[in-house]
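Below is one structure; the comments refer to it alone.
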Amino acid sequence: MLNTLVSGLQIVLSPSTFILIFAGTVVGVIFGALPGVSASMAVALALPFAYKMNGVVAIAFLCSVYCASITGGGITAILFKIPGTPSSAPTTFDGYPMAQRGEAGKALGYSLVASAIGGLIAAFAMALISAPLAAVALKFGPGELFAVAMLGLSVLTCLDNGNVIKTLVSGLLGLFLATIGMDPQTGVARFTWGSTTLLSGVEMIPVMIGLFAVTEVLKQTVKRSKKGGSDMESTGGSSKFKTTIPSIKEFFAVKWVMLRSSVLGTVVGILPGAGATIASFLSYTVEKKVSKHPEKFGTGIPDGIVASECANNAATGGAMVPLLALGIPGGNAAAIMMSALVLKGVQVGPLLVKSQPDYLSSVFGSMLVTNIIMVFVALAIAKVFAKILAIPYSVLGPIIIMLATIGSFALKNSTGDVVLMVAAGIIGYLFVSLGYSSAALVLGLVLGVMCEENLRRAYQIANGSWAKALSSPITIVLLLVCAAMILFPIIKGALPDKKAQK
Amino acid sequence: MTLDLIFNVALLLFSIYCFIYIGSVDNSTATELGAAFWPRLILGIMIVLLAIGLVTTLRKKNGKGPISGEAVAGFFKSKLLIGMVICAATAVILPIIGFIPTSFLFLIAYGVLLGERRPVVLVVTGILATLVLYIVFQGPLSIFLPRGTGFFRNFALMMENILGMIPGL
């Protein structure tokens with residue numbers, strides 16, 4: 001732990017890396033504040049800036065964008081009732097009423113301190129958990145690793161409140177897309193239909209950029225053509241305030257809320273597919289239930305802001321745990337970071353923490369530094385947030401797509417990847433509007449190779465015996481948990497609704 | 001028929017086709033899983049789930065889904081379709097006319113689509129945003145953006161020469 005801390009600080013405090021992290025924090029806070037730019041999109045749009053960096057610096061930079069964008073979303077949620085990122089939606093419940101009472105500065109102070117505390121606790125939790133978890137995973141054989149990857153996919157179906165079948169189909173479609181190209185074991189071309197471009201498989205980065213940037217701009221195009229006018233006009237928010245950091249007494253009054261929300265956010269963040277949005281909503285609900293004054297939630301109390309902002313920032317650290325320890329991304333932004341690492345030739349998986357500990361140190365160091373400097377960056381930028389928000393979407397939306405175009409093109413200097421990005425964006429829009437899950441598709445695409453390779457290796461080692469291949473106690477337990485997670489929402493859906501009957 | 005049903009049926013037919021297609025490359029042995037095993041397993045489960053989804057949708061919606069036939073007709077007149085066409089056209093013309101003209105035209109076209117009607121704002125935004133993106137990526141980040149062909153290639157080379165003359169870039 002101490003070694004990771006020292007090594008992490010050495011990496012991120014080197015002048016060039018620190019400047020990049022600072023720039024990433026500024027960009028992240030601004031991106032996070034802009035409605036229609038989610039944290040995943042912010043990380044996807046930051047990718048082209050990271051192409052020329054070395055892997056360790058690139059992951060530190062992307063982490064700073066990720067953490068800061070979650071915080072940026074909270075600022076506009078308080079000032080204008082516009083959650084910049086979906087995970088900041090619960091912040092509006094209490095943040096905006098406080099702002100309307102003339103306590104915008106105080107609400108902002110609570111939000112920033114809570115974000116920093118949540119992020120820092122999660123960063124330490126990540127540094128503590130990742131190495132032991134990776135050490136355990138190193139003892140896993142291919143059968144166990146297959147089960148772990150399947151577990152990552154099945155958690156998503158359990159957490160998704162939508163149509164279970166559609167979520168499962170989305171995940172399977174992602175797994176299918178990962179099979180396109182040359183089979184790594186036998187060299188046979190699969191689903192290439194004679195195309196040499198498809199032989200190298202479906203590039204993950206253009207697909208993700210398409211899904212998170214192009215799809216979102218298309219969604220905003222539809223939304224704005226229906227609604228008309230800017231978000232600022234509709235909320236009537238004000239930028240006249242002075243940010244006040246909570247006093248020690250005020251800070252101690254919400255210490256348990258901070259602690260509970262940070263722990264809950266970290267745990268939720270670790271679960272694949274369950275990101276900052278689920279963490280903040282869950283934390284807000286839990287705090288409302290355990291509070292002595294639940295009726296005050298929603299009227300403008302600091303507890304609501306702290307619960308939401310602590311949890312969503314803590315989820316960022318949690319999401320990095322399975323990525324670094326197991327090679328399974330804990331969310332969409334982590335999946336983008338994973339594909340960036342793969343692009344850099346880094347072998348993501350349990351061996352990463354042991355063979356290249358710099359990556360864990362770099363992420364840890366970046367999270368520590370970002371969570372501290374983002375408070376000051378946000379305080380400095382808060383005054384001009386109204387002006388940033390005044391940028392019309394007719395300017396912002398097209399620039400997002402051009403940035404996405406550069407990000408896809410620069411991957412291999414190929415305009416074919418731009419075509420792939422646009423196709424992914426258009427299909428992604430259709431996909432999401434029909435109730436399918438893009439998060440499940442991305443997870444399937446990212447985990448596809450890991451699932452297949454390990455299953456085939458396990459079968460080969462077991463000399464063609466399924467019983468031997470999947471018979472270790474850990475594999476059986478993990479696969480049973482997978483089955484339970486997939487079946488739970490199906491059974492739950494089939495049971496009669498007791499509340500409705502009452 | 002709803003768009004949901006059309007998508008479900010199209011995906012189901014595509015999955016069945018792929019399931020049959022990949023069977024031709026099956027090279028499994030007694031102790032080794034071939035290239036077709038994993039895709040067939042995925043596609044097999046997908047086919048079952050899509051069939052269940054199809055039956056459920058038909059039973060529940062009785063032909064009227066959240067996205068109805070009217071919505072499909074509306075789609076062809078919508079800003080969404082125009083947005084999709086602009087994005088697709090951008091991807092097609094990018095290798096032909098290069099980054100600078102593509103970006104300028106795209107920023108103006110999509111800006112108009114998103115409701116910006118002031119020509120000065122559109123042109124200034126188009127020029128400024130294109131130049132900033134071009135200078136940042138082509139300069140310090142050393143990402144070579146598409147040059148295009150013929151006249152556009154010469155134009156891109158001229159821009160690169162100008163950029164090369166700026167100290168520090």
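Throughout, protein chains are lettered first and strands after them, A, B, ... in sequence-line order, and every chain is numbered starting at 1.
The contact between A:Ala189 and chain B is made entirely by backbone atoms, counting heavy-atom distances below 4.5 Å. Of the two parts of B:Leu49, the backbone and the side chain both hold a non-hydrogen atom closer than 4.5 Å to a non-hydrogen atom of chain A. Proximity to chain A (any heavy atom under 4.5 Å) is restricted, for B:Val136, to the side chain, taken from C-beta onward. Interface remark: A:Pro48 contributes backbone and side-chain atoms alike to the contact with chain B (heavy atom separation under 4.5 Å). Only the side chain of B:Leu11 comes within less than 4.5 Å of a heavy atom in chain A; its backbone stays farther off. Both the backbone and the side chain of A:Phe176 come within less than 4.5 Å of a heavy atom in chain B.
Residues B:Phe7 and A:Tyr436 bring their aromatic ring centres within 6.0 Å.
The shortest side-chain heavy-atom distance between B:Leu114 and A:Pro398 falls under the 4.5 Å cut-off. The shortest side-chain heavy-atom distance between B:Phe99 and A:Met402 falls under the 4.5 Å cut-off. Residues A:Tyr429 and B:Leu80 form a side-chain contact, since some pair of their non-hydrogen atoms from C-beta on lies under 4.5 Å apart. Between A:Leu430 and B:Met84 there is no side-chain heavy-atom pair separated by less than 4.5 Å. Within the 4.5 Å cutoff, no side-chain heavy atoms of B:Thr90 are placed close to those of A:Val422.
To the nearest 0.5 Å, atoms CG (A:Leu175) and CG (B:Leu41) are separated by 9.5 Å. Of the inter-residue distances, the one linking A:Tyr393 atom OH with B:Tyr110 atom OH reads 7.5 Å to the nearest 0.5 angstrom. Note that the CD1 atom of B:Ile42 and the CD atom of A:Glu452 stand 7.0 Å from one another [nearest 0.5 Å]. Of the inter-residue distances, the one linking A:Leu168 atom CG with B:Ile45 atom CD1 reads 9.0 Å to the nearest 0.5 angstrom. Distance check: B:Thr56 OG1 to A:Ile165 CD1 gives 5.0 Å after rounding to the nearest 0.5 Å. We find the CD1-OG1 distance between B:Ile82 and A:Thr221 to be 10.5 Å, quoted to the nearest 0.5 Å.
Under the side chain to side chain donor-acceptor pair (under 3.5 Å) criterion, A:Lys468 pairs with no residue at all, not counting sequence neighbours. Under the side chain to side chain donor-acceptor pair (under 3.5 Å) criterion, B:Thr130 pairs with B:Ser103, sequence neighbours left out.
Heavy-atom pairs under 4.5 Å with chain A peak, among B:Ala35, B:Gly111, B:Ala109, at B:Ala35. Interface check for chain A: of the options B:Gly115, B:Gly34, B:Ala129, the most heavy-atom pairs under 4.5 Å are formed by B:Gly34. The candidate with the highest count of non-hydrogen atom pairs below 4.5 Å against chain B, out of A:Ile406, A:Thr186, A:Val418, is A:Ile406. If you tally non-hydrogen atom pairs under 4.5 Å between each of A:Asn413, A:Val395, A:Val419, A:Ile401 and chain B, the highest count goes to A:Ile401. Top candidate by heavy-atom pairs under 4.5 Å with chain A, chosen from B:Gly53, B:Pro39, B:Gly126, B:Ala88, is B:Pro39. Between chain B and the residues A:Ser394, A:Cys451, A:Gly464, A:Gly425, the most heavy-atom pairs under 4.5 angstrom are made by A:Ser394. With respect to chain B, the highest number of heavy-atom pairs below 4.5 Å among A:Leu396, A:Leu173, A:Val214 belongs to A:Leu173. Contact tally against chain B (heavy-atom pairs below 4.5 Å) for A:Leu218, A:Val188, A:Val169: the top residue is A:Leu218. In terms of heavy-atom pairs under 4.5 Å with chain B, the best-connected choice from A:Arg190, A:Lys52, A:Gln185, A:Met53 is A:Arg190.
Identified by a heavy-atom distance below 4.5 Å to chain A, the contributing residues of residues 13-22 of chain B are B:Phe14, B:Tyr17, B:Cys18, B:Tyr21, B:Ile22, in residue-number order. Heavy-atom proximity under 4.5 angstrom to chain B picks out A:Leu455, A:Arg456, A:Tyr459, A:Gln460 from residues 455-462 of chain A.
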Exercise for the section: Kindly determine whether B:Phe137 and A:Leu403 satisfy side-chain contact (heavy atoms from CB on, under 4.5 Å), including the steps that lead there. Expected result: CA-CA 10 Å; B:Phe137 284 96; A:Leu403 256 176; 3.7 Å; yes

